[in-house]
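Numbered from 1 within each chain, the chains take letters A, B, ... in sequence-line order. The figures that follow rest on heavy atoms only: side chains count, while hydrogens, waters and symmetry mates do not.
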2 protein chains.
Amino acid sequence: MNLTKRQQEIYHFLETHLNQFEYPPSLDELCHALGVRSRGSMHKHIQALVDAGLLEPMSGKQRGIRLKNIFSSSEDAHCLPFLGDIAAGIPFEAIENAEPIEVPSHLRTNKPCYVLRVKGDSMIDAGIIDGDWVIIEHCHQAQKNDIVVALIDQQEVSLKYFEQKHEKIFLHPANASMMPLCYDSQRVQIQGVLVGQMRQYR
Amino acid sequence: MNLTKRQQEIYHFLETHLNQFEYPPSLDELCHALGVRSRGSMHKHIQALVDAGLLEPMSGKQRGIRLKNIFSSSEDAHCLPFLGDIAAGIPFEAIENAEPIEVPSHLRTNKPCYVLRVKGDSMIDAGIIDGDWVIIEHCHQAQKNDIVVALIDQQEVSLKYFEQKHEKIFLHPANASMMPLCYDSQRVQIQGVLVGQMRQYR
DNA sequence: TTTTTTGTTCTCTATTTGTTCTATAGTATA
DNA sequence: TATACTATAGAACAAATAGAGAACAAAAAA
């Protein structure tokens, strides 16, 4: 359903100013803010916005005007735990309280996965840049040329290409200005393998 | 049905300027914007565009001029139409049969969007590589530094940084080994702006 | 409880704006 | 020349939109 001019004005006002009120405004207060003298007229506009699915129904409650969250329909979508920045490391105990992030099914596997946010430019030549989300399959081993989340000396976490030669593990950045890292294998713990990546513009 | 010259002018104006109005213009306002003095004449043109399937029917509503949303068909909550490779261009007739692809809500806008698959390395320095999916908001104008889907001479389609200087449009690759392209603005048609990106490993 | 605030419904009026119609004029084509 | 198509102006009408204000009922506060 399309909004009329006045309805758009009012919705835009609510979008931008609703959070500036201490509590949601009454119809009279809205009238005053928008230069309308009739409460009944304002009520008609608000009701139209409710019918259009843009506001929650007030159902008689005083000061019951609320914006409807358009994207809240992601309730039943496939979500994974977002565990924060890669540099911060992964306290796996905190998965329970982790914020969920929506991930399309083709960017994950059917094994347990989680999401991290990339910090830094060490994988820039692989098209993974600062701020990207990466979807990681939670596992503890990898093959050559996998991109892995590696925990070094129980401290530092990073995203690198994986290679194992005998008792040495090489972690290759994808950045011409950085050198590969080499560790004894017992110092490196694999915390997962990269299976997907997402980026938001705007 | 073919459009007359005037109808094409008006449709092009609506494509590029409709979203610059706070709310859709009335016929009188359209007349003023396009230098026409008769509301009745404008109505006839708009009606022709409705009959041609390019605009939604106004059906008596005030300010009822809307571009027809080509993507409204199979709008599964979390899916967008996947229209194939970027190089292939966008045959908008084939949208009906387009395969749906799952896209998380935070990688799209609440305007009509579609998905393309990237071919080639022209945006590699922006972290967009061959085989990536890109989510494009369907619109017809852009700002400097937006990454756009541009149709050149009704033939070639590509993904580039957008810049407009007077009557010239510059399309900048993100690849040190490629040169920017420069065209007269009427040769370039914007088909959308990049709002999200996804990549699958494995 | 009583009082005040505030949402709801209603009627009436005015303004805005889409729709239809007639008339005029330019241009291309048979 | 006659005909068809396109474009424009402007008048008249009808529908959609917006607002005011009264009366009432539900909710919240005292």
Side-chain angles (χ1 to χ4, degrees), chain A residues 1-69, chain B residues 1-69 72 186:
Chain A
M1 181 205 284
N2 286 331
L3 302 184
T4 69
K5 174 182 165 184
R6 197 61 166 137
Q7 287 160 17
Q8 290 182 47
E9 285 177 1
I10 293 175
Y11 182 65
H12 182 255
F13 176 87
L14 291 174
E15 270 192 322
T16 54
H17 292 100
L18 195 53
N19 53 0
Q20 293 172 16
F21 289 86
E22 289 187 61
Y23 29 75
S26 67
L27 291 183
D28 278 342
E29 289 171 352
L30 255 195
C31 285
H32 183 261
L34 285 160
V36 176
R37 262 181 297 178
S38 161
R39 189 167 24 163
S41 303
M42 182 57 70
H43 179 265
K44 206 160 61 177
H45 289 132
I46 297 297
Q47 197 54 50
L49 291 173
V50 171
D51 293 342
L54 296 173
L55 300 182
E56 300 286 349
M58 343 183 21
S59 57
K61 296 278 180 289
Q62 293 185 188
R63 298 171 183 276
I65 293 176
R66 306 290 150 86
L67 290 180
K68 195 155 183 172
N69 184 1
Chain B
M1 181 202 284
N2 284 332
L3 301 184
T4 68
K5 184 180 167 189
R6 196 63 167 134
Q7 287 161 15
Q8 288 180 43
E9 282 177 11
I10 293 175
Y11 182 65
H12 184 255
F13 176 87
L14 290 174
E15 269 195 327
T16 54
H17 293 101
L18 195 53
N19 53 2
Q20 291 174 13
F21 291 85
E22 288 187 64
Y23 25 76
S26 66
L27 291 183
D28 278 343
E29 289 170 354
L30 255 195
C31 284
H32 183 261
L34 286 161
V36 175
R37 260 181 297 179
S38 161
R39 186 168 26 165
S41 305
M42 182 57 71
H43 179 264
K44 205 160 67 176
H45 289 132
I46 296 298
Q47 198 54 245
L49 291 172
V50 171
D51 294 342
L54 295 173
L55 301 181
E56 300 285 348
M58 320 178 50
S59 56
K61 296 276 182 286
Q62 293 185 186
R63 298 170 183 275
I65 293 176
R66 308 289 149 90
L67 292 180
K68 194 148 184 174
N69 181 1
S72 57
Q186 68 268 21

* To do: Locate the shortest heavy-atom distance separating A:Leu34 from A:Arg6; write the atom from each residue and the value.
  => O-NH2, 3.4 Å
* Asked: Got B:Tyr11 and B:Leu55 here, is their nearest side-chain heavy-atom distance under 4.5 Å?
  -> yes
* How does DNA chain D look in dot-bracket form if you count Watson-Crick and G-U pairs under 3.5 Å, write [ ] for pairs that cross, and put | where a base pairs with another strand? -> ||||||||||||||||||||||||||||||
* **Residue whose nearest DNA chain D nucleotide is more 5′ - B:Lys5 or B:Gln62** => B:Lys5
* Asked: CG of A:Leu27 to NE2 of A:His32: how many Å apart, nearest 0.5 Å?
  -> 15.0 Å
* Structure fact -> Whole-Å distance, A:His32 NE2 to C:dT5 P, equals 16 Å
* B:Leu14 side, atom CG; B:Arg66 side, atom CZ - distance, nearest 0.5 Å -> 12.0 Å
* Asked: Roughly how far, to the nearest 0.5 Å, is the CD atom of B:Glu29 from the CZ atom of B:Arg39?
  -> 11.5 Å
* Asked: So how far is it from A:Ser26 OG to A:Ile65 CD1, rounded to the nearest 0.5 Å?
  -> 8.0 Å
* Kindly indicate whether the side chain of B:Leu54, heavy atoms from C-beta on, has any atom under 4.5 Å from the side chain of B:Lys68. => no
* Structure fact -> Quick note, B:Arg63 side chain, CB onward, closest among C:dT17, C:dG7, D:dT8 is C:dT17
* **Integer-rounded Å distance: D:dA20 P and A:Leu30 CG** => 14 Å
* Structure fact -> The answer to which of B:Ile10 and A:Gly60 contacts DNA chain D further toward the 5' end, by nearest nucleotide, is B:Ile10
* Check whether any side-chain N or O of A:Thr4 sits under 4.0 Å from OP1 or OP2 of D:dA16, and answer yes or no. => no
* Asked: Is the shortest heavy-atom distance from the side chain of B:Pro24 to the side chain of A:Gln8 under 4.5 Å?
  -> yes
* To do: For DNA chain D, determine which residues of residues 33-46 of chain A have any heavy atom closer than 4.0 angstrom to one of its atoms, and list them numerically.
  => A:Val36, A:Arg37, A:Ser38, A:Gly40, A:Ser41, A:Lys44, A:His45
* Round to the nearest Å and state the distance from A:Glu56 atom CD to C:dG7 atom P. => 16 Å
* Take A:Met58 and B:Gln47, find for each the nucleotide of DNA chain C with the closest heavy atom, and name the residue whose nucleotide sits nearer the 5' end. => A:Met58
* To do: Mind listing the residues from residues 16-28 of chain A sitting with a heavy atom below 4.0 Å of DNA chain D? Number order is fine.
  => none
* To do: Could you grab the distance from atom CD of B:Glu56 to atom CG of A:Asn2, nearest 0.5 Å is fine?
  => 8.0 Å
* Grab the CZ-P distance between B:Arg6 and C:dG26 for me, whole Å please. => 17 Å
* Structure fact -> When rounded to whole Å, the CD to C1' distance for the pair B:Glu29 and C:dT15 reads 14 Å
* Structure fact -> A:Lys61 has its side chain closest, among D:dA18, D:dA28, C:dT8, to D:dA28
* To do: Kindly compute the distance separating SG (B:Cys31) from NE2 (B:His43), expressed to the nearest 0.5 Å.
  => 11.5 Å
* To do: Would you indicate whether B:Gln20, at its atom CD, is surrounded by more than 12 heavy atoms from other residues, nucleotides or ligands within a distance under 6.0 Å?
  => yes
